[in-house]
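Residue numbering restarts at 1 for every chain, and letters A, B, ... go by the order of the sequence lines.
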Amino acid sequence: MSRIGVFVCHCGLNIAKTVRVSEVVEFAANLPEVVIAEEYRFVCSTPGQELIAGDIKKYNLDRIIVAACSPLMHEKTFRKVAEAAGLNQYLVTIVNIREQCSWVTEDEDVATKKAKALINGAVYRARLLAPLVSRFIDVNPEVVVVGGGIAGIQTALEIAAVGRKVYLVERTPTIGGHMAQFDKTFPTLDCSACILTPKMDAVLQNPNIELLTYCEVAEVKGFVGNFDVKIRQKARYVDHAKCNACLACVEKCPGKGESEFDEGLAKRKAIYIPFPQAVPQKPVIDRETCTYFIKGKCRLCEKICEQKAIDYEQADSYIEIKAGAIVAATGYDLMDVKPLAQYGYGRYPAVYHALEIERLFNSAGPTAGKVVMRDGREPQSIAILHCIGSRDKNNYEYCSRVCCMYSLKFAHLLKEKTHGDVYQLYIDMRAGGKGYEEFYSRLLEEDVKFIRGKAATVTHRTKNPEEEGKLIVEVDDTLTGKFARIPVDMVVLAPAMKPRADAKDMARMLNLSTDKYGFFMEKHPKLAPLSTMTDGVFIAGACQSPKDIPDTVSQATGAAAEALTIVSKAKMELEAATAMVNAAACSGCRNCVTVCPYSAPSMNEEKGVSEINEALCKGCGLCAAACPTSAIITRHFTNEQVMAEMEGLMEF
Amino acid sequence: MQNPYLPMPVRVIKVTTEVDTGEIKTFRLAFVNKEDEERFDYLPGQFAELSIYGKGESPIGIASSPTQKGYIEFTVQRAGTVVPGQVTSALHDLEEGAIIGIRGPLGHPWPLEFLEGKNIVVVGGGFAFTTLRSLVNYMIYEENRRRFGKISIIYGARLPGLLCYKDELALWGKRDDLDLCVTVDKGNEAWEGREGFVPAICKDVAPCAENAVAVICGPPIMIKYTLPVFFNLNFSKENILTSLEMRMKCGIGKCGRCNVGSKYICNDGPVFSLAELDALPRDF
Amino acid sequence: MDFEPKILGIACNWCTYTGADLAGTTRLKYPQNIRVVRVMCSSRINPSFIFRAFQLGADGVLVGGCHPGDCHYGTGNMYARRRLAITKKMLEFAGIEPGRFRVEWISASEGNRFAEVVGEFTGQVKGLGPQTKLKIKTD
Amino acid sequence: MLRKIEQGRFGELIEALLARGPLYAPVRDDRGVNFQLIRKASEPTLDFYNTLQSPKLAWFPQSEDLIRYRLAKGETKGEAISGPVAPTVVLGMRPWDVKSLAIMDLLFLGGGKEDPYWLEKRRLTTVIGYGLASEEEPDGADFFRTLNIGAADSDGSDVFLLKKDGDLLLEGITERGKGLLGELTFLKEGTEEDERYLVAAKAGGKDRKTRFFDLDANAAADKLKAVFADNTFWEKEAEGCISCGTCTFVCPTCHCFDIADETLFRDGVRRRFWDACMFTDFTLEASGHNPRPRTFQRLRQKICHKYSFYIEKFGVVSCVGCGRCTRLCPVNIDIFSLVARAVNL
Amino acid sequence: MTAFKDIEERLKEKAKDLLEKGEVECVFAYGRGYDERHPRPYVAKTKEDAENLVFNEYCTFNLARYAVKEPRKKIAVAAKGADSRALVQLIQEGKLKRENLVILGIPAAGMVDAKSGLTLDEKTTGAFANPVVYDVLLGDKLPEAKNSPYEVLGELEGLSGDGRWEFWRKEFARCLRCFACRKACPMCYCDPCFMDQSRPRWADKSPTLDGNTMYHLTRFYHLAGRCVDCGECTRACPVDIPLYLFHKRLAKDCEEMFNQAAGMKLEDKPVLVDFRVEDGDEILL
């Protein structure tokens with residue numbers, strides 16, 4: 001037999017106006033196991049709280065029921081009162097007789113009847129409530145940031161700035177990401193390198209940042225506050241501890257490979273640094289193109305290296321890191337446009353994609369900043385095709401957001417560098433963002449030919465002499481309503497930004513959900529855009545959705561703050577109303593393991609029963625309803641408690 | 001005829017928490033109706049069904065002795081590990097003044113005639129000491145004491161905090177007409193008594209089998225290791241008694257649940273000598 | 001006096017229950033035959049709860065959860081949808097008027113929707129009359 | 001005393017019995033014949049060989065309310081429901097089923113404690129046994145002859161019923177039976193010829209062929225005790241057993257029951273209802289310990305209870321060879337051959 | 001179609017072979033019962049045991065029910081169409097490992113329930129003639145039934161709601177609570193079953209109509225999308241409750257709503273522990 005106290009609130013007239021409180025109190029007082037039932041004008045007021053605390057002691061109550069406003073309003077308040085009076089907070093039951101009773105009817109009888117029923121339900125349930133204690137776990141103070149693009153760099157710097165240790169994991173030999181490939185950035189047209197390289201350098205200099213380039217995340221175990229991250233260090237065949245970055249080896253290397261950084265428009269050595277300002281400045285050997293690895297002889301670099309840093313025997317190695325939080329900033333890939341045969345990329349040398357153009361503009365690029373085509377000619381007319389794969393039901397339905405702006409940037413730079421005709425073929429011009437619209441208007445002044453319509457095809461099939469030797473872009477001009485053929489020397493495609501090819505694997509490792517394209521899902525699109533369904537794992541930048549640099553950087557800063565809120569605490573409270581498994585009743589059907597979005601349940605194979613990691617459990621009860629033997633007990637919402645409440649609600 | 005399925009109302013007049021885990025409590029019950037009290041005529045070793053309407057019934061050994069007038073006592077352990085048993089946890093929630101039901105007395109008592117004139121060795125472990133406590137209190141009751149020979153008691157628990165009836169043990173300890181030996185598997189700083197497992201203690205107490213009967217109750221593991229000790233001391237199987245735990249419902253040998261061999265534990269037991277148990281199929 | 005049905009509501013904490021509160025704070029009026037049980041997520045609902053509710057004498061059962069995709073726990077209501085769909089089919093095949101059971105996705109901002117749905121559903125159940133099939137006979 | 005009535009007037013007999021009080025009799029529905037509480041005179045039938053389920057439900061219903069209570073503030077009072085049992089007639093019980101009553105009496109009225117619910121119904125119920133007519137062939141699963149039960153034994157019945165050509169013969173066995181027949185004035189006197197027929201039928205019933213082996217109860221009891229520990233034997237026998245309760249529920253001599261409180265809102269009843277030693281949790285203790293966790297142990301308990309323990313305790317086999325358990329076993333486990341194998345091991 | 005006798009022979013042969021070679025610890029098949037019409041589930045552990053195996057039209061048992069109790073052993077199981085689906089379903093649920101199973105597939109038509117005398121076909125249960133997964137096939141493949149196994153539902157579906165309730169109420173009222181249905185069901189491997197729980201007590205422990213209804217409805221639900229229509233529950237029922245009708249209906253619903261039938265593909269996930277973003281709300285109407 002429990003000793004229940006019921007407190008019915010008038011809430012001034014909010015409740016008392018429609019609910020006959022004294023009648024309800026009398027009803028409650030006569031229920032079995034109810035020791036005392038009281039009413040008060042404002043139970044949430046200080047005297048009201050004192051009334052409860054007093055009665056808990058006076059009648060030594062072991063359950064209290066407060067019939068007042070919604071639990072979402074004052075549950076916390078009354079839980080505090082109970083705790084203060086030495087009663088476990090989970091033994092408090094709130095009955096919502098305001099929002100869901102007195103406020104939604106004018107009929108006194110109806111409201112009073114309902115209030116009684118609701119309280120009766122609470123009494124049935126309260127009897128079965130059990131005290132719960134929140135548990136605390138230690139939090140590892142360090143953070144892992146995955147991805148060394150501008151997003152990752154920014155996040156790492158922010159976290160390091162408050163003195164927390166950060167591991168910055170980058171898959172390529174250098175940090176910098178796509179931004180390092182850009183020449184200028186819209187709309188301000190300031191040089192990308194000039195604003196990025198100082199940050200890259202800052203990363204290198206920062207004692208709190210451990211830079212792990214040429215590394216990949218191999219495995220992630222554990223949970224918020226206690227992640228175990230396994231990192232694979234790909235073999236560089238150069239011992240960076242010894243290397244003094246003289247780069248003499250690069251000089252001598254006979255090997256030739258296509259420069260990934262220059263999008264294959266230029267060559268690089270087999271031992272190389274991706275680009276002059278790369279961080280770190282120390283080279284790696286690319287097995288595929290290295291003469292020694294191919295032919296078994298050469299070893300020139302080894303001979304030249306005074307530091308004896310070259311080590312052909314080097315193998316992949318693994319680094320184990322413990323971290324309290326993880327930020328995924330893995331960025332994006334540019335869509336491969338070859339499959340879109342109608343645009344002729346790969347078939348016509350004069351068709352380029354956006355990143356290639358960026359490199360052409362760049363003074364440190366393959367053409368030293370001159371816009372010349374693969375055949376060496378300078379184009380006299382250029383068409384820039386928007387929305388290649390974006391806003392396209394057959395490919396990517398979404399808008400990639402940055403193409404309009406960089407296409408305008410391209411137009412501007414092409415004008416500057418070629419004096420040729422520049423055509424913009426766009427569906428809609430999207431210039432939302434600080435200074436973007438202005439930039440657009442400015443371009444309208446620069447005699448760029450804007451054609452509203454999505455390019456249909458790019459072909460070399462000519463129809464008249466003046467088309468000779470040119471590429472013809474066919475387009476429906478939706479403004480004139482005419483079908484146009486535009487002969488040009490050069491075609492620039494603005495392909496969709498898409499998730500990284502291996503985004504799904506990363507998602508699996510971090511237990512993130514992805515949208516239908518493969519971008520990482522945020523916990524809530526509006527209110528938790530940087531958090532994910534996995535506590536302690538945050539996302540920043542284009543791995544969540546296409547975005548420009550300013551958005552990326554602000555997200556990165558936000559993600560840093562999110563990560564810090566976790567690692568800045570030494571301990572962390574866990575949800576108390578979690579689920580647990582009654583092993584004796586578990587039939588090992590694995591339903592819980594299959595359905596849980598947090599991977600809280602797991603199968604203990606030799607016992608043949610499932611076990612729930614309460615640190616991961618959020619207490620939603622999904623598993624409990626999936627459990628055929630009701631072996632899973634969702635604390636505070638047990639089958640017994642819920643059904644008892646139903647019984648009470650249905651009695652009168 | 002009195003309906004054996006209908007519980008008699010009893011009032012809880014005292015609740016004692018026996019162990020510091022709170023998992024074992026002793027309930028002192030007084031009959032609401034005089035005639036029921038007279039009808040409830042029991043001896044040590046018998047049990048009763050405690051009934052709480054809406055929850056059910058639970059068979060519990062009687063922990064008090066008929067020599068204690070005006071009330072009966074039951075020591076109840078909260079059953080179930082993860083999911084607490086309906087009845088026992090309801091019992092544990094009882095407060096003084098509450099009214100519950102009782103059916104009984106049920107089963108056979110310790111064979112007192114057989115014990116008369118003999119030296120009695122009482123061996124108990126943990127919570128299973130309840131009906132032994134009843135037996136001891138019965139035997140040391142002044143009018144009864146001389147009917148029995150030497151009384152030695154060996155009682156053990158895992159930890160000092162898990163010993164039941166601490167005050168009573170203290171009183172017994174002061175008496176010179178019985179030898180009390182209380183032990184715990186593992187003591188603590190406050191603990192001054194003996195340390196060691198019950199079987200080991202039995203070994204070095206080494207009660208003499210001469211005209212003696214050993215009455216042993218405890219967890220299976222304790223029984224398992226204690227019996228050999230007594231065999232070595234030449235106690236015959238006829239002279240070793242114990243009480244069986246079995247799931248019971250009706251308590252009057254009808255429902256079949258406690259059937260083992262030709263016996264219905266609730267009705268033909270729960271008290272048996274080892275000799276009798278040997279005659280039963282090993283199915284309990 | 002005409003028939004006043006007993007309706008059991010089971011609402012998820014994050015969306016529908018909050019939506020119901022909103023209906024209150026905006027002082028919308030709707031029939032008070034419904035009595036709401038709060039659970040953390042619609043995926044907590046075991047179909048046996050529904051059967052039990054009818055046995056306890058509910059004339060109708062209304063389940064409310066977040067809109068698919070907005071589940072506070074990500075995918076909870078996706079599973080709930082399948083379970084409750086089966087539940088509905090079962091009731092129908094057992095001969096219980098399917099109109100007595102309804103699942104609605106009502107977000108925290110849809111107070112008016114909550115009021116509407118409850119009003120509509122209550123009317124519908126009224127029309128069906130007392131639920132006597134699964135109800136446990138108490139004499 | 002011997003009375004008779006044309007089979008065509010069976011309905012009148014039923015009418016008369018219904019007029020006296022509650023009547024259980026065999027009724028045929030789409031699934032077969034079973035004993036039911038009769039409402040209309042047209043319901044009962046005598047055209048059956050054996051009922052699917054045993055008639056024990058007339059004395060030991062599948063579910064029986066013992067106590068009614070209401071959970072209240074303060075004391076919760078319970079009142080026993082020993083509802084006034086009216087004088088009842090059970091008509092059409094086959095000899096083996098009649099025999100089962102005596103076997104059940106030993107348990108329900110023995111052991112020094114009487115079960116009031118069983119006793120009350122036994123005291124007030126008249127049994128009309130129903131002999132197997134000579135032309136009716138026993139079912140292949142039956143083995144009542146092994147239990148030394150004749151197809152037309154009348155002992156245990158108050159009135160014994162037997163078909164003869166177009167007639168139904170009714171023999172008064174006990175005083176109560178004779179009293180009943182006396183009240184049924186519309187019955188005709190039985191003739192000498194009927195007498196002879198009856199005697200012959202009873203004798204003939206003795207050696208009616210069913211499955212048979214020579215069973216010495218006490219020897220079997222000892223043998224089974226000896227075989228008890230032979231796990232391999234029992235594991236093999238039980239390998240098909242799915243541990244359901246069918247055999248026990250249809251058995252006329254299975255008596256196990258459970259007791260539970262059923263509460264709705266705050267009103268409840270304490271109820272007893274059939275339970276089965278074949279169920280996994282039959283012996284499961286609150287501690288989680290289960291002395292019979294495995295299927296073979298439960299099957300062994302059931303067999304030995306009937307063919308060993310019961311004999312040792314009460315001196316009789318707790319089986320009448322009605323063959324119901326065998327007929328209805330989902331996996332065709334056959335107690336007859338099982339026991340035969342065990343005994344001849 | 002291969003004669004039952006020949007299947008029996010091949011069964012013996014194969015079993016002997018497997019046991020001799022020690023490729024399996026035991027073979028779950030059928031053995032002689034107390035007469036021809038009443039065979040029994042039989043476990044052959046030695047090649048001598050294998051001699052005792054039988055197969056005839058009365059060998060209706062779904063042996064998956066026994067296999068699931070031996071998740072770790074390497075075993076062989078004789079499996080007819082529905083039985084093999086049960087095995088597949090159990091593999092999906094992680095209860096059995098494919099690599100631990102040697103499935104002795106038996107294409108069988110015209111199996112007969114000895115008790116009712118009914119043939120197993122699309123009008124009753126176990127219509128599936130050919131095993132869906134097997135290691136060896138002990139007979140020639142058979143043509144699958146043309147008619148949908150769901151046609152038999154027509155009559156019941158034709159009734160009004162009240163009619164259907166009346167039907168099921170009568171049936172549930174018969175229930176003895178012997179639990180033969182759940183004990184015979186290969187998918188009801190739970191021990192304890194939800195019915196054995198005391199907290200909460202989902203249904204009256206005593207056999208009341210309400211308790212029976214709760215038991216059966218909940219069990220039906222637990223088998224939704226898992227039931228392979230082997231019909232064991234119905235054959236096992238001593239009072240002949242046509243449980244298969246409800247199971248069939250839920251199987252039909254699952255196929256319609258989630259287009260997936262139980263136990264057909266090893267890589268499937270049971271429909272109720274799975275979802276698709278495309279699942280529409282129309283299924284709730």
Trainee: In terms of heavy-atom contacts, does NZ of E:Lys269 have more than 12 from other residues, nucleotides or ligands at under 6.0 Å?
Mentor: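 More than 12 within 6.0 Å, yes.
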Trainee: Please name the pair of heavy atoms, one in C:Arg82 and one in E:Val271, separated by the smallest distance, quoted to 0.1 Å.
Mentor: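 Shortest heavy-atom contact: NH1-O, 2.8 Å.
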Trainee: Looking at C:Lys88, C:Lys89, C:Glu97, which one has more heavy-atom pairs under 4.5 Å with chain E than the rest?
Mentor: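 The option with the most such pairs is C:Lys89.
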Trainee: Under the 3.5 angstrom rule, does the side chain of E:Arg164 hit a backbone N or O of C:Phe93 as a donor-acceptor pair?
Mentor: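 Side chain of E:Arg164 to backbone of C:Phe93, a donor-acceptor pair under 3.5 Å: yes, one is there.
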Trainee: So for E:Arg169, is it side chain, backbone, both, or neither that comes closer than 4.5 Å to the heavy atoms of chain C?
Mentor: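 No part of E:Arg169 comes within 4.5 Å of chain C.
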Trainee: Just wondering, are more than 12 heavy atoms of other shown residues or ligands nearer than 6.0 Å to NZ in E:Lys97?
Mentor: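 Atom NZ in E:Lys97 is not crowded, with 12 or fewer foreign heavy atoms closer than 6.0 Å.
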Trainee: Report which part of E:Leu159 has an atom under 4.5 Å of a heavy atom belonging to chain C: side chain, backbone, both, or neither.
Mentor: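 E:Leu159 has no heavy atom closer than 4.5 Å to chain C.
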Trainee: Does any part of the side chain of E:Phe258, heavy atoms only, come nearer than 4.5 Å to the side chain of C:Ile86, both counted from C-beta?
Mentor: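 Yes, their side chains come closer than 4.5 Å.
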Trainee: Identify the two heavy atoms, one from E:Asp274 and one from C:Tyr79, that lie closest to each other, and give their separation to 0.1 Å.
Mentor: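 Closest pair (atom of E:Asp274, atom of C:Tyr79, distance): N-CE2, 3.6 Å.
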Trainee: Select one option (side chain, backbone, both, neither) describing which atoms of E:Met257 are under 4.5 Å from chain C's heavy atoms.
Mentor: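 Just its side chain gets close to chain C.
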Trainee: Select one option (side chain, backbone, both, neither) describing which atoms of E:Phe246 are under 4.5 Å from chain C's heavy atoms.
Mentor: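 Both parts, backbone and side chain.
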Trainee: Is the number of heavy atoms from other residues, nucleotides or ligands within 6.0 Å of CD (E:Glu155) greater than 12?
Mentor: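 Incorrect, the count does not exceed 12.
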Trainee: Heavy-atom distance under 4.5 Å between the side chains of E:Tyr221 and C:Arg83, does that happen here?
Mentor: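 E:Tyr221 reaches C:Arg83 side chain to side chain.
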Trainee: Report the distance from atom CG of C:Asn77 to atom CZ of E:Phe275, rounding to the nearest 0.5 Å.
Mentor: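 C:Asn77 CG to E:Phe275 CZ: 9.0 Å, rounded to 0.5 Å.
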Trainee: Please name the pair of heavy atoms, one in E:Leu250 and one in C:Met90, separated by the smallest distance, quoted to 0.1 Å.
Mentor: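 Taking E:Leu250 first and C:Met90 second, the nearest heavy atoms are CD2-CG, 3.5 Å.
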Trainee: Evaluate side-chain contact (heavy atoms from CB on, under 4.5 Å) for C:Glu104 paired with E:Leu284, printing each intermediate quantity in order.
Mentor: CA-CA 9 Å; C:Glu104 284 290 343; E:Leu284 288 167; over 6 Å; no
Trainee: How close do E:Ile283 and C:Ala85 get, heavy atom to heavy atom, and via which atoms?
Mentor: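 Answer, listing the atom of E:Ile283 first, then C:Ala85: O-CB, 3.5 Å.
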Trainee: Which distance, rounded to the nearest 0.5 Å, do you find between the CD1 of C:Ile50 and the CG of E:Leu217?
Mentor: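 Separation between the atoms: 12.5 Å.
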Trainee: Just verifying a value: how many Å separate E:Phe194 CZ and C:Asn46 CG, rounded to the nearest 0.5 Å?
Mentor: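 Reported value, rounded in 0.5 Å steps: 9.5 Å.
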Trainee: What part of E:Asp253 lies closer than 4.5 angstrom to a heavy atom of chain C: side chain, backbone, both or neither?
Mentor: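 The answer is the side chain of E:Asp253.
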Trainee: Does C:Lys126, at its NZ atom, have more than 12 non-hydrogen atoms belonging to other residues, nucleotides or ligands within less than 6.0 Å?
Mentor: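 Count over threshold, so yes.
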Trainee: Let me see the working for C:Ile96 and E:Trp168 under side-chain contact (heavy atoms from CB on, under 4.5 Å), right down to the final yes or no.
Mentor: CA-CA 11 Å; C:Ile96 316 302; E:Trp168 287 116; over 6 Å; no
Trainee: At a heavy-atom separation under 4.5 Å, does C:Leu91 approach chain E through its side chain, its backbone, both, or neither?
Mentor: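 The answer is neither part of C:Leu91.
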Trainee: Please report the closest heavy-atom contact between C:Arg81 and E:Val277, naming both atoms and the distance.
Mentor: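 Heavy-atom minimum between the residues: NH2-O, 4.1 Å.
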Trainee: Decide, yes or no, whether a salt bridge links C:Lys137 with E:Asp210 under the criterion of side-chain N to carboxylate O below 4.0 Å.
Mentor: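 No, this pair does not count.
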